[in-house]
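Keep in mind that the numbers below use all heavy atoms, side chains included, and drop hydrogens, waters and symmetry copies. Count residues from 1 along the sequence. Note that the coordinates shown come from a computational prediction; the quantities given were computed from them, not determined experimentally.
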Amino acid sequence: MIELYAVCQTGEIENGEAAGFLLMRIEETGEANPWPILITRKGNSFYGFENACPHKGERLDAEPGRFLDTEGNFLTCGHHQAQFDLDTGHCFIGPCQGEKLKSLEIVIDDGDVCLTGVQLAEEDGLGLEAPDEAPEVMITSD
């Protein structure tokens, strides 16, 4: 069975835009490390990439979560102004011209943008405080 990890809903990313996420990936050593990724959208298609410029490995968003986007066609690295296609991750302008962002395997499942092919850490144990009480849930009918 293929494991899917829901990252966001499709409606959270507009056409021609990108969104950044910080996940925790399990490394081969079994250690969980922060893993910045980005999800882009072009039309009804979604693409996933590691958020690391091939030039020096720095995050594309110089300010976390903020991507420089020109006319919805490409991402611009906030450090070196390299420009990448939203769908292929191919760099066509800048110091890493001809290189590509590392692609991630994306699956759309019931309106969720999901990652597969990686092992992510569960939220438990990541330093998040547990709530004192369970949240109230209201169930309504149509």
Side-chain angles (χ1 to χ4, degrees), residues 1-140:
M1 178 177 191
I2 297 175
E3 186 133 19
L4 298 178
Y5 298 96
V7 177
C8 65
Q9 295 182 332
T10 56
E12 293 178 45
I13 304 173
E14 297 294 325
N15 183 29
E17 292 188 359
F21 302 92
L22 183 60
L23 307 176
M24 294 296 282
R25 179 174 59 183
I26 303 293
E27 304 296 339
E28 291 178 10
T29 62
E31 184 180 3
N33 288 317
W35 187 45
I37 68 162
L38 56 99
I39 306 290
T40 64
R41 180 176 185 172
K42 198 166 187 180
N44 288 324
S45 298
F46 293 83
Y47 307 92
F49 303 100
E50 286 192 3
N51 186 355
C53 181
H55 177 60
K56 289 192 176 178
E58 296 176 301
R59 289 174 59 144
L60 293 173
D61 49 344
E63 289 180 46
R66 185 159 180 236
F67 297 97
L68 303 174
D69 183 10
T70 305
E71 298 179 25
N73 293 316
F74 49 86
L75 291 169
T76 302
C77 176
H79 298 283
H80 310 103
Q81 283 62 56
Q83 295 180 331
F84 302 88
D85 283 327
L86 281 177
D87 53 350
T88 65
H90 181 79
C91 179
F92 59 93
I93 294 175
C96 52
Q97 186 172 356
E99 296 184 59
K100 291 176 69 172
L101 298 173
K102 184 174 179 186
S103 296
L104 305 174
E105 194 173 342
I106 297 291
V107 173
I108 304 302
D109 182 47
D110 197 26
D112 290 328
V113 180
C114 302
L115 282 178
T116 188
V118 297
Q119 185 178 5
L120 299 180
E122 297 293 327
E123 289 183 14
D124 293 344
L126 294 181
L128 303 175
E129 289 186 32
D132 293 333
E133 298 177 5
E136 288 187 32
V137 176
M138 181 181 290
I139 300 173
T140 60

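L86 approaches T40 most closely through the heavy-atom pair O-OG1, 2.6 Å. Closest of all the heavy-atom pairs between V113 and Q9 is CG2-C, 4.3 Å. Residue Y5 comes nearest to V118 through the heavy atom pair CE1-O, 3.2 Å, listed as atom of the first residue, atom of the second, then distance. For the residue pair L101 and F49, the shortest heavy atom distance occurs at CB-CD2, 3.8 Å. Residues F74 and F84 come closest through the heavy atom pair CB-O, 2.9 Å. Closest heavy-atom contact between A6 and C114: CA-SG, 3.8 Å.
For the side chain to side chain contact (heavy atoms under 4.5 Å, CB included) criterion with C53, the lone passing option out of C77, C91, P95 is C77.
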Open item on the list: The test is side-chain contact (heavy atoms from CB on, under 4.5 Å); show your working for L75 and L38 and say whether it passes.
Closed with: CA-CA 11 Å; L75 291 169; L38 56 99; 3.7 Å; yes
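In this structure, the side chain to side chain contact (heavy atoms under 4.5 Å, CB included) partners of I26, at least two apart in sequence or on a different chain, are A32, Q119, A121. Residues passing the salt bridge (charged side-chain N to carboxylate O under 4.0 Å, His left out) test with E12: none are found, sequence neighbours excluded. With sequence neighbours excluded, the residues satisfying side chain to side chain contact (heavy atoms under 4.5 Å, CB included) with K56 are E58, H80. Partners of K102 according to the salt bridge (charged side-chain N to carboxylate O under 4.0 Å, His left out) rule, which considers only residues two or more places apart in sequence or in another chain, are E50.
Listed by first and then second residue, the salt bridge (charged side-chain N to carboxylate O under 4.0 Å, His left out) pairs involving residues 26-38 are R25-E27 (not counting sequence neighbours). The stretch residues 79-94 participates, sequence neighbours left out, in these salt bridge (charged side-chain N to carboxylate O under 4.0 Å, His left out) pairs: K42-D87.
A distance of 14.0 Å separates CG in L104 from OH in Y47, rounded to the nearest 0.5 Å. Atom CG of L115 is separated from atom CD1 of I39 by 5.5 Å, given to the nearest 0.5 angstrom. If you take CD on Q83 and CD on Q97, they are separated by 10.5 Å, rounding to the nearest 0.5 Å. A distance of 5.0 Å separates CG in L4 from OG1 in T116, rounded to the nearest 0.5 Å. Taking CD from Q81 and OG1 from T76, the interatomic distance works out to 7.5 Å, rounded to the nearest 0.5 Å. The CD atom of E17 lies 9.5 Å from the CZ atom of R41; values are rounded to the nearest 0.5 Å.
Residues V7 and F46 have side chains not in contact (no heavy-atom distance under 4.5 Å, counting atoms from C-beta outward).
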